[in-house]
Amino acid sequence: MSASRTRRVRAFTSAALGLSLALTVAACGGTTQDSNEDEGGGGDEPAATADAGGEFETGLSIAMLPKSVNNPYFDASSEGAEAAVGELEGEYEYTGPSDTAASSQVSYINTLSQQAADVILLSANDPNALCSSLEQARAAGTSVVTFDSDVDPSCRDAFVSQVDGAEVGRTLIEMMSEQIGGEGQIAILSATANATNQNAWIAVIEEELANNPDYANVELVATVYGDDEDEKSFQETQGLLQANPELKGIISPTTVGIAAAARYLQGSEYKGQIALTGLGTPNQMREFVKDGTVTEFALWDPTALGELAAYAGAAVASGIITGAEGDTFTAGELGEYTVGADGVIILGPPTRFNADNIDDFDF
Amino acid sequence: MSTETAPDRVADRPQSGRLRSSRMVGWDGAVVVVTALFIVIAALTVEHFGTSRNAGFLILDLAPVLLLALPMTLIIVTGEIDLSVASTVGLTSSAMGVMWNNGLPLETIMPLCVVIGAVLGAVNGIFVTALGLPSLAVTIGTLALYRGLAFVLLGDTAVADFPRDFTGWTIGDLGASSIPNVLIPMLVIAGLFAAVLHATPTGRAIVATGANATAASFAGIPVGRVKFWLYVTSGAVAGLVGVFWTLRYSSARADNAAGLELTVVAAVLLGGVSIFGGKGTLPGVLAGVVLLTSLQNALRLADVSTEALTVVTGSLLIVSVLAPNVVTAVRTTLSRRRARLRMTPTS
Amino acid sequence: MTLVARPTDSAPTTRTGSTLLDAVLRFRALGLLIALVAMVAATAAVNSRFVSQQSIRDILLGAAITILLAVGMTVVVLTRGIDLSVGSVLGLSAYVTADFLQVNPGTPVPVAMLLGLAIGAGCGLVNGAVIHFGKVPALVATLGTLYVFRGIVYFVAGGSRINASDMPRGFLDFGTDRVLGIPYLIIVSLVVVVLAGVFLSRYRAGRDMYALGSSPEAAKLAGIPAGRRLLTAYVLCGALAGLGGVLHAARFGTVDASAGSGMELNVVAAVVVGGVAIFGGSGTVFGAALGALLLTVISNALPVLSVDQFWQQAIVGALILGAIGLDRFVGLRVSASLRRKDSHVD
Amino acid sequence: MSAMGSAPEPPQLRPVVSLDGVTKAFGSVVALRDARLELFPGEAHALVGENGAGKSTLIKILAGVHRPDTGIVTVNGETVEFTNTAAAKDAGIAVIYQEPTLFPDLSVAENIFVGRQPRARLGLIDRAVMNREAAALFARLGVPLDPERPAKGLSIADQQIVEIAKAISVDATVLIMDEPTAALSGVEVERLFAVVRGLRDAGAAVLFISHRFDEVEALCQRVTVMRDGAHVSTDLMAEMTIDQIVRRMVGRELGALFPKQDVVPGAVVLEVEALSRAGLFRDVSFQVRAGEIVALAGLVGSGRSEVVQAVFGIDPRDAGTVRVAGRTLPAGNSKAAMRAGVALVPEDRRQQGLILDLSIMRNATLVRRNRLSRFGFLTGGAERREAAEWTRRLQTRYGRLTDPAGTLSGGNQQKVALAKWLATDPKVLIVDEPTRGIDVGTKAEVHRLMSQLAADGVAIVMVSSELPEVLGMADRVLVIREGRLAGELSRAEATEESVMFLATGRGAAA
């Protein structure tokens, strides 16, 4: 019955189109990216003014929401935050998804805002996807402080940055240049291609290479992405070495990448031939520093980062700071910090780890 | 008198058929009751669960699962499966980002996404029906392929600058109420699918196809065509979910909805749909979706750890198939025992 | 008084068909090899380092674990089953073994491997029991245990990661050391492939796996102990995934709760590409191993060829579709020609 | 085939296998009630009965496939309870099923020896020995089959030969054969019988199920008749005539069974011209007039079902035309055929005719679902009314309309299958084996119904393997042999001999 068949076909098609059009809301003129440019940015700044000399409130409920819970880096941050919350006599909770999807974090933000948490300390999986739920949470009275990985400045009160991005980039290229004797080809093994932090640091490295005469003989030949997966980082390292026979060194500004690359070099004929540096944790890298695969690498202290984030969060919730530039607060033993532009609070310069000092750290 | 077909070849069919049908009525009914009970108990015992705001969050969370579960139910009822739905969501989301970056108006992009989804579904449909390949293998293949293409399109970047009019509406509420805007269209679509499955000739054809494809084709049902259009529908709905997902999180990303196919299949099976086809009701599936998502919501609110969520989802999936089997096995044993008791004295 | 005879008096002289099918099967393995060689040659043309000793060793190392899992998956798929939980089993075994080694650094490598095998076998037993006794379809059951086992890893591991420095030196050396230039891991995989190949082709229990997948009804009538064989298949698959976990820990030296996530897709792809019929009954572990090798070569070649790495997953998907489509096409052609040959209507 | 020379040995005292008072029910369908059988060493025993008499169920109980609900099975005087086929095998019982049960992916030799392949050192299978032994078996059967080829692609006859080789390879004390000769040629049957006689003379008991009475006479000493799942009689073959046996199988005289009324045929409704499909049938042409019943006779596997399926459009056709009331039907389009007023009640009602898991109501209204809908919706009322009406007209017995069709007895299932097509008010009704496996009473009802439909002007095409049905019902008989139309017989010309002659291309079997 071809008549009924065509009828069905038509019914399917029209239903499909109808559904999509139903969602298309009214708007006729055509909403394009260009018509959208004035949107975004400049969110509602809190009207309150900072009470710089104020005291921290006690009994604050402070929750840390990491990118994913099964990550030792965030475990270390959580330790610091928990200690700080203990100091402040608040309630601390560490919760989050087991995967690193932004949508999973949204559910947790919603849950925390339902539970009327006073402060959410967030390391974001996506700079934009979380904004709407963060706004809802803030409207319900929750203070949001991001750390490690930021969201759009309009959807949080403050961002605790592990480090000044420019300084990380400079440290990385400096270490590399020292290790390869100031000349030769280098490559970068990064995390994911849209990782905000890594991309910022890589930009600094590229700028240094272009403008700083110290690095005139250093050439960046490739940037590859290991997606923060062991296997992938392994393979990308192999690929780098094969594709670039003249390669002298690899910078891996991510903890997963540097460990995977070190492990690969350790078991290959390139051990000792290729310099490897980047950002890694002492516990992960101790092995490779001791056997000479890696000479020196850097990182900030994630525990201190968590601690500072917790103090910053409590400061916002207590009205000590609003996130405006110039606000100051005291973060326990870490000392006094000043809020910079866009509500950014910087922890401090990265620590360099090498055979001499690595045994002093345990994280 | 010729070759003896006899009752033997498919001997235990009649019995299992009867038991299965009574179990069916029992199972999806049971899921509806359990879901209702669960929500009442959770509202009473879990702090913040019963609030209207949480209900709003819950509805937004379950929307994609629910929408994808509708065509998935129909496909599983025909005895096939579509594991590529979440990847289709990812690919349409990526496509949406790319089109937006290229300056297309959203009003064009959104229907286009549905069409793209339908085309992706049609690819599945062609492999399954025209080439006669097992749908499990085909859709595992397209699961990888579509997700891969999503990354090829958009890489690891995200497109986020969608207009607030749209993103706001997606997560917004109806007027001053706390009923999300998406609830009404969602219910309409669900009602449409329920009507098709349970009260139209097409629905009869779908059920017949799953229960016995040979007999269905002898009854003049174009089995292949039915399946093909279901895959197209599944793709179109996945495209719609891709639009919804992108606007809800104001973020078009290649990895959007990764792994969601498992939740969808779990919810459908939990709702009492037989993985072998031929049996299943949409009210049961709706209850399955609500149960699964509200359970996760309640566990999160009760600060139960993520690992428990994972274990619960997996266990529910197994139990939803295992439990009816155990019930059937027990009943068969009992009825056989009864039959023996009845027959022994007479012989 | 009845009409049941079919007097095919035509002398039964032409009863061929074996040669044709053999040719097809050989063609399948041959096709894989050709694809493999072509891939390697093309990449080597762009960059000769791709065929250096180090590079080949890297590829084999990369394939070793996938091959191991593909062997187990082959056994299960032969019986018309599937095991989607292998990635989670690998993760569980990798973490528990690494954790055990952390506490007991003196443990010899073989004991660690036995531990991984045991953990995997336990998981496989759960799968097999749910599938056989609970009559739950393999797809559903193992999809469920994919979640459950991963949940258990999360539970055991939490947010901690076991680093290279936490594991005994000897164990880590096992992950990188070689005999006669061949890394241990490759040797382990090859031994497993050969053993499984012999088991499947030369032992009654192995042949039963083919029989079960080829025709479950006939298997029942033939009195094949389906339950025991199915349990064996899933235990074997789980055990190999468990062993894979130990190798994973030794190779990467870092284990956290997400080890092996999503690996099932690659393993299923390897098996399907390797010519194992997804509905059971035919295929070999050697084919599956070749399939795993081909996938590894491709993923290693992409960065060398400077192809956007995002293509990798799409290529895996396209390969799955291509492999099952090709098998179907060839199968149809063969059965059509057999039908023509066999028919009594000219 | 000549009867065999040697006189049968007198049965020994103790049966090697016996069944007593065995009942077996599948849901509401009782397959066996009080079945009895004794097999003695050294005897070949025939088991006969109509389809659905319970022969296959009885065999499957002996083979360990089914377990009896009640009753006793003994082997060598000891009560046994087979929990699986392996247990029966161990007890020395080998079965050749009527449908070959081979593993398509395994080699022929392996199919024979699966589970008990010869082993060499370390328990490794010794393929050389296995292939040699298989080749020896084939030599014994006189068939040149390659032991190393896969079973995939073997013809039905060759598959059956592999089954036979499998059974004789175990040196069974009891050999059960369920219509083993259905697909074999005369030469192959002779060879098989020679082997079976050898086994029998060596002391094995043989249970032989066949519908070919010449074979039964040639091979067996005793014959057991079953009807409706129960034991009817057991006698020495020599003391029975075929007429007596048939009467006991049917339970009544033959002549009265088939009441086809005489109808003056009307205009030609169905015209089939030069229909062909590669490998299945070729150049089949016939016409059917309104009010006529035309039988398609022929041996199983001759291509009759394939022809009618191509006419209906379930299967494609390579060449030829089909016209209904002058309009040409497109190839391979069953919907067009349905719209033109063609209905097909297929051969296998469990797999093709009905959807057993669905309710009686859904089955009865499935093909009319579009007509019964209002504004595209089905609310259930119309379906219920229609199903109730047609099940009443066909005097179908059921519990509730919402019960699954699988709960019905075979006869009532067939009535539902008929009902769903009769409801479409067909101009051409094609029925494939309309009374296979249903009880005698229902059989008569179905025949009366077909006769009535013909009288009402429906053109009926009936595929049937039962000669009495063909001879009793058909106005004309078309005989198909090996995919070609071998001849056409008028009602007056059609006899068992003439149909058989055309069907086999030679004299009817003795």
Side-chain angles (χ1 to χ4, degrees), chain C residues 1-22 25 78 198-199 201-208 210-215 217-227 277 280-283 331 334-346, chain D residues 63 65 84-86 89 97 101-106 110 114-115 117 119 123-125 143-146 148-150 152-155 157-158 179 181-183 185-187 211-213 246 278-282 297-303 465-468 482-484 496 500 503-505 509:
Chain C
M1 72 172 284
T2 59
L3 296 171
V4 284
R6 182 171 136 202
T8 45
D9 258 8
S10 51
T13 43
T14 53
R15 304 202 168 181
T16 52
S18 72
T19 46
L20 190 58
L21 275 170
D22 280 357
L25 290 176
L78 280 179
V198 170
F199 167 73
S201 66
R202 300 294 301 277
Y203 279 88
R204 287 180 183 174
R207 300 311 294 169
D208 285 355
Y210 284 89
L212 274 173
S214 191
S215 169
E217 304 80 35
K220 190 184 173 201
L221 291 176
I224 288 171
S282 87
V334 168
S335 71
S337 77
L338 281 175
R339 193 181 71 183
R340 240 161 235 135
K341 197 167 280 187
D342 202 51
S343 89
H344 46 81
V345 182
D346 23 59
Chain D
V65 177
N84 56 44
T85 52
K89 238 185 217 172
Y97 296 97
T101 51
L102 298 183
F103 302 104
D105 300 297
L106 300 189
E110 198 141 30
V114 69
Q117 295 96 330
R119 287 190 284 201
L124 286 169
I125 292 171
V143 193
L145 260 183
D146 175 8
E148 293 181 53
R149 65 154 289 163
K152 198 181 277 177
L154 281 177
S155 71
D158 288 350
E179 296 200 47
T181 59
S185 70
V187 186
H211 288 109
R212 292 163 134 183
F213 288 102
V246 171
L280 295 170
F281 54 84
R282 162 170 279 218
L299 304 176
V300 167
S302 59
S465 298
E466 302 193 27
L467 271 182
E482 295 180 8
R484 290 166 183 275
E496 288 193 16
M500 261 308 198
T504 59

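Chain letters run A, B, ... following the sequence lines, proteins first, then strands; residues in each count from 1. These figures come from a predicted structure and were not determined experimentally.
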>> Please enumerate all residues that pass side chain to side chain contact (heavy atoms under 4.5 Å, CB included) together with D:T85, with sequence neighbours excluded.
In response: D:V65
> Who wins among C:A211, C:G280, C:G206, C:G213 for the most heavy-atom pairs under 4.5 Å with chain D?
Replying inline: C:A211
>> What part of C:A219 gets within 4.5 angstrom of chain D, counting heavy atoms only: side chain, backbone, both, or neither?
In response: both
> For the atom pair CG (D:L102) and CG (C:L221), what is the distance rounded to the nearest 0.5 Å?
Replying inline: 11.0 Å
> For C:A226, what residues pass the side chain to side chain contact (heavy atoms under 4.5 Å, CB included) criterion, not counting sequence neighbours?
Replying inline: C:L212
> For D:I125 and C:Y203, which heavy atoms make the closest approach, and how far apart are they?
Replying inline: CD1-C, 3.5 Å
> If only atom types and distance count, is the side chain of C:R207 paired as donor or acceptor with the main-chain N or O of D:V114 below 3.5 Å?
Replying inline: no
>> Quick check against the 3.5 Å criterion: does C:S282 have a side-chain atom that pairs as donor or acceptor with the backbone of D:D105?
In response: no
>> I need the minimum non-hydrogen distance between C:S215 and D:F103, along with the two atoms involved.
In response: O-CE2, 3.5 Å
